[in-house]
Amino acid sequence: MKLEHMYQDIILDHYKHPHGKGLAEDFNAEVHHVNPTCGDEITLRVTIDPDDHKKLIVSYDNQGCSISQASASILFDQLNGKTFAEGEAAVDHIVAMLQRAVEPDEDILGDGIALEGVAQYPARVKCALLSWMAWKDAAIQALGTENSTQNESN
Amino acid sequence: MKLEHMYQDIILDHYKHPHGKGLAEDFNAEVHHVNPTCGDEITLRVTIDPDDHKKLIVSYDNQGCSISQASASILFDQLNGKTFAEGEAAVDHIVAMLQRAVEPDEDILGDGIALEGVAQYPARVKCALLSWMAWKDAAIQALGTENSTQNESN
Amino acid sequence: MTTFDVAAIRADFPILGRTVRDGRRLVYLDSGATSQKPFQVLDAERDFYEKHNAAVHRGAHQIAEEATDAYEAARANIAHFVGAQANDIVFTKNATEAINLVSYTFLNATLKSLRGKDLPKGAQRFVLAEGDEIVVTEMEHHANLVPWQELADKTGAVLRWIGLTDDGRLDYDSAKLIIGSRTKVVAFTHQSNLLGTVNHVAQLVELAKSVNAVTVLDACQSVPHMAVDVVDLGVDFMAWSGHKMLGPLGIGCLWGRAELLNAMPPFITGGSMIETVSMEKTTFAAPPARFEAGVPQAAQVVGLSAAVDYLNAIGMGNVAAHERHLTQLAITELAAIPGVRIIGPTDTSNRGSAVSFVVDGVHPHDVGQILDEQGIAVRVGHHCAWPVCRRYSVPATTRATFYIYNDDSEVHALASAVRDAQKFFGV
Amino acid sequence: MTTFDVAAIRADFPILGRTVRDGRRLVYLDSGATSQKPFQVLDAERDFYEKHNAAVHRGAHQIAEEATDAYEAARANIAHFVGAQANDIVFTKNATEAINLVSYTFLNATLKSLRGKDLPKGAQRFVLAEGDEIVVTEMEHHANLVPWQELADKTGAVLRWIGLTDDGRLDYDSAKLIIGSRTKVVAFTHQSNLLGTVNHVAQLVELAKSVNAVTVLDACQSVPHMAVDVVDLGVDFMAWSGHKMLGPLGIGCLWGRAELLNAMPPFITGGSMIETVSMEKTTFAAPPARFEAGVPQAAQVVGLSAAVDYLNAIGMGNVAAHERHLTQLAITELAAIPGVRIIGPTDTSNRGSAVSFVVDGVHPHDVGQILDEQGIAVRVGHHCAWPVCRRYSVPATTRATFYIYNDDSEVHALASAVRDAQKFFGV
Ligand SMILES: Cc1ncc(COP(=O)(O)O)c(C=O)c1O
Ligand SMILES: Cc1ncc(COP(=O)(O)O)c(C=O)c1O
């Protein structure tokens, strides 16, 4: 049954016990993304790791359906502390997976491969992507602030 | 043939040799009516007869199709020098005739009964009525000016 | 309801014969978003295209005459349906455009007045001054909220709103405080598309009239579902959409009081709404043409007229009674499920057939998904009435809406599927 | 034209099988006003209603998904037809609304900027100051003239226009003098609906670009009749109507350059064009949703997409060649009649298939009537381009317009009927 394929136990588990939910105090960039059709929302912060400027620390708070919440929890597992290049590759991969353009790769998405079933429900794809789009937006902004700070200090 | 019924000789004759075309110098009211779909237009003036305040003198200038021009010429024949009550009755009658609600009455419309065939072409009814509507508008305004003049002189 | 034969009605709606999600019967409980169309409406539209298609009010040849006659006859029929005169009905693409037409009237009259440009006699009624007030309610659809926010933003007028009570009704006590001497317009919905609440129009009209404010009624959720008479209602404007009342997509209606329509400057401008045009200056046609720029949607208007015929044949009293019955049943069955909470009035007096609810522990989007898997089409989300969700502290709701083609078995299916959703998500 | 089989095409158009005026074959020469529809388009629309009808972008259930997919796939197909990206196409009810959307963008940006309200980045491009100039041409349809007159009236901007030469062309020399440093927008038609003249887009775009003015192209009479590629044209906006290109009534298109669409405040506001809404404040969705408030005309969009498929199958090059042939024939035959004068270019280079003419001594309305009696449907009047009539000192014209379903015999019938009109009126 397609429905069970979308709502795999691993998804429901992330939904009921989300990883890393809660906003960090310090951050370089904060974004607030919403899905205007259903009202799901996420606030996501990206902090540049003070010890390793290549690494991006993620924190978030959100409300929404099981898919959007589980997806954010999975995103936290996968992208927290990763570089922009790694994160961007993961975003590209999940987008492609949800357009059924690639086979899911567990090395890139971790539990995120369980979101594959969402591709059968086009109206839910936005739910699954909400946090990933927010991450990309925030990451770019965070790196932008760093560059401008560097520029200013030059 | 319906077409010949609309374009009776008497109509074409009024079209080619319109009666009373040309604007009077003096007037109590002037209106300018147009048929926005085709651009037919008429300027019509109503003067209150100085010798008999009940009588309304009509003058006009116009451009447009055969039906609108013939109709104005017929209007001149029928309404020039008539009272408002007489004119209004004629307007009501031609409207009703073109809605096929009454049998045409030559006593009221004169040559205007030849416009009966226009009723078969709804898009042309406006052409036939353009001058009559203008007359009514101008007549009401002319009588209005007289009343207000009277009021002022009171 | 001896006169109400749902099975016969269903046979007129081709889409209800289809299945969804691997062979499930379609249970369409989303008529509040858009209704389905009987073949009579589809046939009327097609017949227009196959026999009489031409640009309305722009030609003198035979099919142009026929198209124009069909369009104007449809206008008269639709007007009659709401107790109006034909010439007081303006066709738009949807209710949203109809409401914007009114809100932009205020903007345009204000700007033209400031610059001393020509305005129709009586347009002063629409001229706003800095600090003038626009009143709406907290239960408006975005279509009757955002245009007024925008108008306020652009004119310096102030947007105020009438709040809601905990049981999903308008707070009439506060309405008396909010509608005051600076109020220039009161815009409100006849029936909330989220709560189902039917508002007391006469009461708001009376308050608005006492301060000479223009009233604008959003009738999107009333005209399709009950007998509506604009004269009885006493409002100044009324907007609704054809697609929610069995009619085609792409056609909306604005009714306006004749003396107000006459006093309004145009909104969208172009062909067929003019009197004379030169490069220097344009004068405008009388209503309704003044507000119908461009080649009109004649086929859709003809289709909507067929929808009106269809509803008239059933009788709007019967439509309302049937919906009241289904609504009562739905509220009873849903309220009986532990963990389900209805957002909106739970008694059926002054209430339409929109039934919104939340299920503890299951997000509406997920509820909708489980229902959909069983072939039950409901709407989930904020239903374009986000402030209502905020008011009742829910992120979104699941909403079932009923119409003439729904029956008791579909209500049972809804309630049973909600229980399944609870099971699925282990709550 | 071996690839062009008019008889086969005619068989696809149900209305062409009907007769008019007591059994006469319908000779439809009024496609410039609105085109007829092939059954493929009517079937596509009906199929949508019978199988996939739901409110687009408002539901998560299966038919809502299908409706949304059909709507967006149609958008992509229609975009591709004019060389555009899907998200740069906005659907409106007709071209008139599309042009008003742009003219109101200037108004709304100007007002919001004056009051310091939120505007998208880049909206400064649309802010007008007193004395800024709007340039149009003297050959515009009212739809591309009146909205700009209104904008000028409401903002204090000045409307200027490029005149016409005696042979029915734009006066490019004067264009150079008129487009200047104060010009903020240049709006012009691709093909005149009265004269048939096809304008030199690149030349006007270059002038507009040199002063950083926004260009708006009215493509109502070009997109249906020739291959059009927005990228090649180089304009900033392009508007056209579906109903003139075999599509349903009630659907228009606006294409805009992505960075400009992004920079625009909304026009009509309501549901489905928002990002977040509270009573206090609303933020807006990205284009194209930002400009598509309310339940969209999905069935019409799907129908228009089928029209695009139909035209693609013929090939727009073939469409243009066929029309050029008919136009040449019509000009030759009409010009050969003593007392007949063509209003517009008499050579077919840079010229479309609208052929307007006057008959000495017979008013156009009367010419049209005689033609109609023979089953020939033409348009008479000012064709919503009144200033063109004034320019050429004619009260009105008779206009024949040709499309894919017209053939040589219909041109002969036209010329013969014009001679009959002369006889009838004794000239
Ligand atoms: C050149 C031109 N521009 C604009 C329009 C307006 O199109 P619509 O009436 O479909 O909005 C038309 C046709 O009426 C036209 O021919
Ligand atoms: C109460 C209410 N108002 C306005 C609208 C807007 O109608 P439309 O989207 O057809 O313009 C709707 C439906 O979407 C509605 O339910």
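Residue numbers start from 1 in every chain, and the chains themselves are labelled A, B, ... in the order their sequence lines are given, proteins ahead of strands.
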ask   = Looking at NE2 of C/His382 and CG of A/Asn35, how far apart are the two atoms once the value is rounded to the nearest 0.5 Å?
value = 8.0 Å
Sidechain-backbone polar pair: C/Asp366 side chain, A/Cys65 backbone, donor-acceptor under 3.5 Å = no
Nearest-0.5 Å distance, OG of residue A/Ser66 to NE2 of residue C/His363 = 8.5 Å
key: Spatial distance of atom NE2 (C/His365) from atom CD1 (A/Ile67) [nearest 0.5 Å]   = 9.5 Å
Heavy-atom neighbours of A/Lys21 NZ exceed 12 at 6.0 Å = yes
task = Under 4.5 Å, heavy atom to heavy atom: which of residues 99-125 of chain A reach chain C? Give them by number, or say none.
result = A/Tyr121, A/Arg124
task = Examine whether an atom of C/Arg21 lies under 4.5 Å from a heavy atom of chain A, and if so say whether it belongs to the side chain, the backbone or both; otherwise answer neither.
result = side chain
remark   = Listed by number, the residues in residues 8-16 of chain A that come under 4.5 Å of chain C (heavy atom to heavy atom) are A/Leu12, A/Tyr15, A/Lys16
request  = Please check if atom CZ in C/Arg341 has more than 12 non-hydrogen atoms from other residues, nucleotides or ligands closer than 6.0 Å.
outcome  = no
